[in-house]
Undergrad: 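The structure that follows is given in the form of structure tokens.
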Amino acid sequence: MSARTGVVVAIDGPSGSGKSSASRGVATRLGLRYLDTGAMYRAMTWWMLRHDVPVRDPAAVAERCHEPDIRSGTDPVHPTITVDGMDVAAAIRTPEVTGAVSPVSTVPQVRARLLELQREVIDGGGIVVEGRDIGSVVAPDADVKVYLTAEVAARAARRSAEEGGTDLAVTESSLLARDRIDSTRTASPLTIAEGAVHVDSTPYTLEEVVELIVGLVDAAG
Ligand code: DC
């Protein structure tokens with residue numbers, strides 16, 4: 001157990017791969033903290049939209065990205081996110097934010113600012129961190145790195161259920177569009193980090209994926 005107290009577990013992968021449920025499940029099982037870095041990019045995007053910053057203008061986004069005060073609560077059972085003291089947990093999941101988050105997260109100054117905040121939270125370890133560039137850029141020395149994927153149809157079905165039954169074809173094409181931007185951007189693209197274990201969750205239940213990752217943490221400790 002003691003080996004786990006400072007452990008850092010990095011879980012990367014595309015949208016809808018089941019990263020959040022798996023990461024929270026692993027953190028809860030092992031008594032670790034949890035950080036959803038996607039929520040931080042969403043919070044930044046929400047702030048930009050609220051302040052009428054043109055989100056497709058990288059210079060405009062870069063100029064203002066130091067203003068929002070973004071804070072993440074790391075309890076895996078009740079993760080929280082606030083911007084300037086406001087609870088934005090629900091607001092950051094709207095289609096408006098989802099549609100704007102990829103261009104905002106391609107801006108290098110946004111990534112640099114959030115990287116700093118993420119490292120402050122990760123400092124000291126004992127945490128499961130999910131995102132796109134955790135094992136490659138944010139925590140390259142993580143004790144365990146997982147690259148979690150699933151077939152696109154399974155990811156679209158999961159995302160559509162989370163969003164209350166949105167049209168599957170529309171959800172699938174929006175996932176594919178975000179995948180394309182996230183994987184081809186110059187700044188910290190989504191990639192399989194060196195040393196990461198690639199897990200395709202398509203044939204597994206959530207419990208099985210959690211079990212598998214807990215096994216990797218045990219093996220690393
Ligand atoms: O995990 P998510 O779908 O909530 O992430 C939202 C967006 O944030 C996603 O389109 C890409 C971006 N993101 C990123 O660029 N780097 C991360 N570490 C996490 C998310």
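Whatever order the structure lists ligands and atoms in, that order sets their numbers, starting from 1.
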Undergrad: So which heavy atom in the protein is nearest atom 8 (O) of ligand 1, and how far is it from that ligand atom?
TA: Y41 CB, 3.5 Å

Undergrad: Of the protein's non-hydrogen atoms, which lies at the shortest distance from atom 7 (C) of ligand 1, and what is that distance?
TA: V101 CG2, 3.6 Å

Undergrad: Can you name the residues that form a ring-ring contact (aromatic ring centres under 6.0 Å, His included) with Y41, not counting sequence neighbours?
TA: none

Undergrad: Using non-hydrogen atoms of the residue, decide whether R111 is closer than 4.0 angstrom to ligand 1.
TA: yes

Undergrad: Please name the residue in the list M48, M40, R42 that meets the side-chain contact (heavy atoms from CB on, under 4.5 Å) test with M44.
TA: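 The side-chain contact (heavy atoms from CB on, under 4.5 Å) with M44 is passed solely by M48 among M48, M40, R42.
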
Undergrad: Have a look at ligand 1 and work out which part of R185, if any, has a heavy atom under 4.0 Å from it: side chain, backbone, both or neither.
TA: side chain

Undergrad: Ion pair present between D52 and R64, side-chain N to carboxylate O less than 4.0 angstrom?
TA: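 No, D52 and R64 are not salt-bridged.
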
Undergrad: What residue and heavy atom of the protein are closest to atom 20 (C) of ligand 1, and at what distance?
TA: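 Checked against all protein heavy atoms, atom 20 (C) of ligand 1 sits closest to G38 CA, 3.5 Å.
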
Undergrad: Atoms of ligand 1 less than 4.0 Å from D182 heavy atoms?
TA: 9 (C), 10 (O), 11 (C)

Undergrad: Which atom pair, heavy atoms only, marks the closest approach of S201 to R158?
TA: OG-NH2, 3.8 Å

Undergrad: May I ask you to identify the nearest protein heavy atom to atom 12 (C) of ligand 1, giving residue, atom name and distance to one decimal place in Å?
TA: S105 OG, 3.6 Å

Undergrad: Kindly indicate, with the supporting measurements, whether the criterion salt bridge (Lys or Arg N to Asp or Glu O under 4.0 Å) is fulfilled by E211 and R29.
TA: CA-CA 9 Å; E211 201 58 45; R29 266 280 295 279; 3.1 Å; yes

Undergrad: Can we say D36 and R132 salt-bridge, meaning some charged N sits less than 4.0 Å from an Asp/Glu carboxylate O?
TA: no

Undergrad: So, for S20 and E130, which heavy atoms are closest and what is the spacing to 0.1 Å?
TA: OG-OE2, 2.8 Å

Undergrad: Which residue pairs pass the ring-ring contact (aromatic ring centres under 6.0 Å, His included) test when at least one of the two sits in residues 196-221, sequence neighbours left out?
TA: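 Those involving residues 196-221 are Y147-H198.
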
Undergrad: Please list the nearest protein heavy atom to atom 18 (N) of ligand 1 with its residue and the distance rounded to 0.1 Å.
TA: D133 OD1, 2.8 Å

Undergrad: Looking only at protein heavy atoms, identify the closest one to atom 19 (C) of ligand 1 and say how far it is in Å.
TA: T37 OG1, 3.4 Å

Undergrad: Which protein non-hydrogen atom lies closest to atom 9 (C) of ligand 1, naming both residue and atom, and how far is it?
TA: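 Of the protein heavy atoms, R132 NH2, 3.3 Å lies nearest.
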
Undergrad: Counting non-hydrogen protein atoms only, what is the nearest one to atom 4 (O) of ligand 1? Give residue, atom name and distance.
TA: R42 NE, 2.7 Å

Undergrad: Near S102, which atoms of ligand 1 are under 4.0 Å from a heavy atom of that residue?
TA: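 Contacts of ligand 1 toward S102, numbered from 1: 10 (O).
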
Undergrad: Quick check on the hydrophobic clustering: are I181 and V61 connected, directly or via other members, by side-chain heavy-atom contacts under 4.5 Å?
TA: no

Undergrad: When you measure from the heavy atoms of M40 to every atom of ligand 1, does any distance fall below 4.0 Å?
TA: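 In this structure, M40 fails to qualify as a contact of ligand 1 - no heavy atom is under 4.0 Å.
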
